[in-house]
Protein chains: 4
Amino acid sequence: MSDVGGIAADRLKSFVERIERLEEEKRGLQEDIKEVYSEAKGTGFDTKIIRQIIRLRKMDKADRQEQEAILELYKEALGMVE
Amino acid sequence: MSDVGGIAADRLKSFVERIERLEEEKRGLQEDIKEVYSEAKGTGFDTKIIRQIIRLRKMDKADRQEQEAILELYKEALGMVE
Amino acid sequence: MSDVGGIAADRLKSFVERIERLEEEKRGLQEDIKEVYSEAKGTGFDTKIIRQIIRLRKMDKADRQEQEAILELYKEALGMVE
Amino acid sequence: MSDVGGIAADRLKSFVERIERLEEEKRGLQEDIKEVYSEAKGTGFDTKIIRQIIRLRKMDKADRQEQEAILELYKEALGMVE
DNA sequence: GATGCGCTTTAAATGC
DNA sequence: GCATTTAAAGCGCATC
């Protein structure tokens, strides 16, 4: 039986291993994503822009506009606009 | 057919969607991991400890690999490999 | 004297330590920067926007315009503008 | 005097400039580090090896700290600290 | 000798 | 506010 210093060692080990396995799979998907970007790049696309596109599609439109408004304000404050 | 402003819109769209799909799957795995932590917590484990164990195991592994890599480099440096 | 397996151990050590010292200083500056951001935040500024400002100031204006142009193009290609 | 669109322009400017100055210094240190690597290379060392040594020393240190942290956690878990 | 590419490192953003 | 995750920069390398 597996009680070590009041800790259920077997259960703990099981949790740790499950997590490690899932993380491994996750890493695999990350690789896949990287490959798609590579492929896109190889086809002549700019991956940085693709990333932006994906981010924008994720982002709520209202949020986006607010962000831009604040930025404008700050730019004005610094005389960065004519 | 799909050329918009000089850009192969179809291909671009395909890349974007593939990435989004993979990211979706990744998010799913992330959820799973979170659930395992929850479960562990529900069983009375401290997730902070579990996280640290996992980090440590990862480091140990990386460490070992580094050690081997450096050994290789030295062997090369000393002409011990052809 | 310090020749170990054909390697000038003393010299090597000296290089390593110099680099580590410089990296230490660099880390110190990074801390300082973080503190300035904290202070700005405490004064009510939005650090995310400050970061953007700094990035923009760094960026060559021409680059910026080109980036925007490309982004526009891609957005059009995906029908993200009306 | 410095209120522009509701923003304390002077303060903002001051923050931005402080950060830019610190970043400049940081860049200087980065240069220095690069030079040390160059010098080492000029002396016949393989910079790849040096980088690996440094990485390894960093890891060892982090590892040690992790070990201690986890030990602390376990001690806590076992009620060995007040 | 320059350019592009991939990888490592560093910075920024997100989520708890 | 901290820890994790994601994005961008910088660097060295290989190639032409």
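All chains are named by letter (A, B, ...) in the order of the sequence lines, taking the proteins before the strands, and each is independently numbered beginning at 1.
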Inset, instruction - Nearest whole angstrom, please: distance from the C1' of dT5(F) to the CD of E23(B). - result: 12 Å

Inset, instruction - Write down the distance between CD (E66(B)) and C1' (dT9(E)), rounded to a whole number of angstrom. - result: 13 Å

Legend entry - Side chain proximity check, F15(B) to Y37(A), heavy atoms < 4.5 angstrom: no

Inset, instruction - Could you state the atom-to-atom distance from CG of L22(C) to C1' of dT10(E) in whole Å? - result: 17 Å

Inset, instruction - Could you tell me the separation between the CD atom of E35(A) and the C1' atom of dC7(E), rounded to a whole number of Å? - result: 16 Å

Inset, instruction - Working to the nearest 0.5 Å, report the span between CD1 of I53(D) and NZ of K58(D). - result: 13.0 Å

Inset, instruction - List the atom of A9(B), the atom of L78(C), and the distance in Å for their closest heavy-atom pair. - result: O-CD2, 4.3 Å

Legend entry - Single-linkage hydrophobic cluster L12(D)~M80(A), side-chain heavy atoms < 4.5 angstrom: yes

Legend entry - L56(A) CG - dA7(F) C1' separation (whole Å): 14 Å

Inset, instruction - Go along nucleotides 8-16 of chain F 5' to 3' and tag each nucleotide: B for a protein heavy atom under 4.0 Å from its base, S when only backbone or sugar atoms are that close, - otherwise. - result: SS-SSS---

Legend entry - Nearest-Å distance for atom pair CD1/P, residues I19(A) and dT4(F): 12 Å

Legend entry - Rounded distance (Å) that lies between atom P of dA3(F) and atom CG of D46(B): 14 Å

Inset, instruction - For K26(A), report the nucleic acid contact type (base, sugar-phosphate, nothing); a contact means any heavy atom under 4.0 Å. - result: sugar-phosphate

Legend entry - Residues E72(D) and K75(D) bridged, charged N to O under 4.0 Å: yes

Inset, instruction - Output the distance between atom NZ (K26(C)) and atom CD (E24(C)), rounded to the nearest 0.5 Å. - result: 11.5 Å

Inset, instruction - For L29(C) and dT10(E), give me the distance from atom CG to atom P, rounded to whole Å. - result: 14 Å

